[in-house]
Amino acid sequence: MKPSPTRRIALAIVTLTWCLPGFAPAQQTESTPPPPIELSQNPLNMPGIGLEIRLPVGSTSTQQTMNREVFAEVLGVDNLWRLTISSRTSANKNLLPLDAANQIRENLQKSFAALSPRGPDRDENFQSLAPMLDEVTEIKFSGGSAFRFFVRQPASSPNVPDLARGVAVINMGEGQMLVWDMTAPFENYAIAKAAMDATLKGVQAADGKLAVPDREFALKTGHSLIQGIEPVHMREIFKNHGEHFYRLYRQPEGTEEQTEIGYRRVRSWPGKRSDVGGKGSISVAEGKVPGYLVEIQARSLDEASQGLPDPIIYDSKGTYFVSEDFTKEAWNLLVVIKRGKQSTTFNEVGARDGFEELLITTATPSGSNESYRHKIQKEGYLPMPLALILPTILADTKATGDVAFYTYRSDSAAVTFRHDSIRHDTEHPDRYIHNTNVSLDSPQITKEVDAEGNVLREVLPGDRYWVETNVDKLVKIWRAKGLPMD
């Protein structure tokens, strides 16, 4: 029998190293209060978790990503404690952090259990050799809560001290947890606990403008809006959107100079599955499935290499399909990196049949093809074609307020939570201001949208702007600046 998702998380924690080398004992007595914990102003870099984590001053950290999960190893000042922070994904979308913390605690204590002697007057209950130091406790932070406990873990040999072991669990989304695992020599317990609690209390949700309860409401609102659009009307939205051209440039505030970075062509239409391609891998009937499509062709220049003999150029073409009932999805993304006469090609293919999971396949020039799956669920999931022209779709509904979705992003190879806020433009009442965070830890993007849903201007971080244009104007600007337009 397979272990439950909660137990799998618990086992992952229990099987971590029991006694880590390099610890130093703290020079203090049991009655000495731990020194105050000061947190660094620079947050820990853990991409995709949607949380800003500031570590105690003097600690050091390393980060890595393995199998789409994110890990960080943190060593306290003077080696007084060690902390591992890792993301964990469960198939159980309803798993609560309190339940996960309790299950981890139970499994941890059972792993250090001793059975009572058997006999006619004795039962088979066990006593744990890892007693509780502090019960599962809720630690609140800006935007959520962590559930944390500490146990006294027996030494693995007579030559090493017992450990203070602390575990905390934070919910990052449906079936996604961030697990903290701290170890320290038992005599450093007070310091380790103070460091753990101060760090947890200092956590901030990256999207502080939308609290956790509001996210659920925004997800339901967004789902209802999209599901409420009839297929015949959705076809009209995609047909009327048609084709648009945009230029991307940088213009520092207070200056007139505009530096070209890239351009793109966005086209949408009602069509069929075979419009994506891959005829050899799908049946004739599958190719005829009706739906909605978006195609984006783009070129961008690597700014750091501009002015060199062989600047780097990124070309991409992505075609995205979803069926009219949203049950089927497919896309093909091709990215070519050019430098002089050399080029490197990357390819991503996505597919979905139903609302269980996405299958993603990537191919690189080295031949290191990789396939992986992402769990999804129907409510709140936004197919790629709809995500790519979402301002147009939302403008058609005339709705304002906050909506949210889960959608796949190729740049992060993950299904992320996106938050969209739509308001009327106070200076142009017939227009909309559309603010977007495409993930919990991404900066905000602001779009100016007209009454028909056309994106007129898009403001990105770093003084960058997407502005609608046409082919003639685009060619004129790029040729005047001597930029490559194949």
Residue pair P56 / V77, side-chain heavy-atom distance below 4.5 Å: no
Salt bridge present between R464 and E458 (N-O < 4.0 angstrom): no
Non-neighbouring partners of S323 that pass side-chain contact (heavy atoms from CB on, under 4.5 Å), sequence neighbours left out: V289, F321, D325, T327, K328
Close side-chain approach of V266 to L388, heavy-atom, < 4.5 Å: no
Least distance between heavy atoms, N188 atom then L80 atom: ND2-O, 3.0 Å
Polar contact flag, side-chain donor to acceptor under 3.5 angstrom, T84-D181: no
Over 12 foreign heavy atoms within 6.0 Å of CD, E138: yes
Pairwise distance OG(S145) to CG(L98) - rounded to 0.5 angstrom: 10.0 Å
Heavy-atom closest pair, residues G76 and S59: CA-CB, 4.1 Å
Output field: ring centroids F417/Y406 closer than 6.0 Å: yes
Candidate list I139, I37, T137, D134, test side chain to side chain contact (heavy atoms under 4.5 Å, CB included), partner D197, passing option: I139
Cation-aromatic face contact R148/F150, 6.0 Å, 45 degrees: no
Donor-acceptor pair between Y372 and E357 side chains, under 3.5 angstrom: no
Residue pair D315, R299: steps toward the salt bridge (charged side-chain N to carboxylate O under 4.0 Å, His left out) verdict: CA-CA 5 Å; D315 287 338; R299 163 163 289 194; 2.7 Å; yes
Euclidean distance, S300 OG relative to L248 CG, rounded to 0.5 Å: 8.0 Å
Mutual orientation of the aromatic rings belonging to H374 and Y408 [parallel < 30°, tilted 30-60°, perpendicular > 60°]: tilted
Residues S410, E348; criterion side-chain hydrogen bond (donor to acceptor under 3.5 Å, both in side chains); working and verdict: CA-CA 8 Å; S410 296; E348 178 187 88; 2.5 Å; yes
Over-ring placement of R105 relative to F149, 6.0 Å and 45° cut-offs: no
N435 versus T446, side-chain donor and acceptor atoms under 3.5 Å: yes
Nearest heavy atoms of E329 and M384, plus distance in Å: OE2-N, 2.7 Å
Qualifying residues under side chain to side chain donor-acceptor pair (under 3.5 Å), relative to D310, sequence neighbours excluded: none
R418 side chain to T416 side chain, donor-acceptor N/O pair below 3.5 angstrom: no
Approximate separation, where rounding is to 0.5 Å, of L75 CG and T60 OG1: 4.5 Å
Distance (rounded to the nearest 0.5 Å) between E379 CD and Q227 CD: 9.5 Å
Exercise: do H434 and T436 side chains pair donor with acceptor under 3.5 Å: yes
Smallest separation among heavy atoms of D402 and S421, with atom names: OD1-CB, 3.5 Å
Approximate separation, where rounding is to 0.5 Å, of I337 CD1 and D302 CG: 9.5 Å
Shortest non-hydrogen contact between V322 and P383, atoms and distance: CG2-CB, 3.6 Å
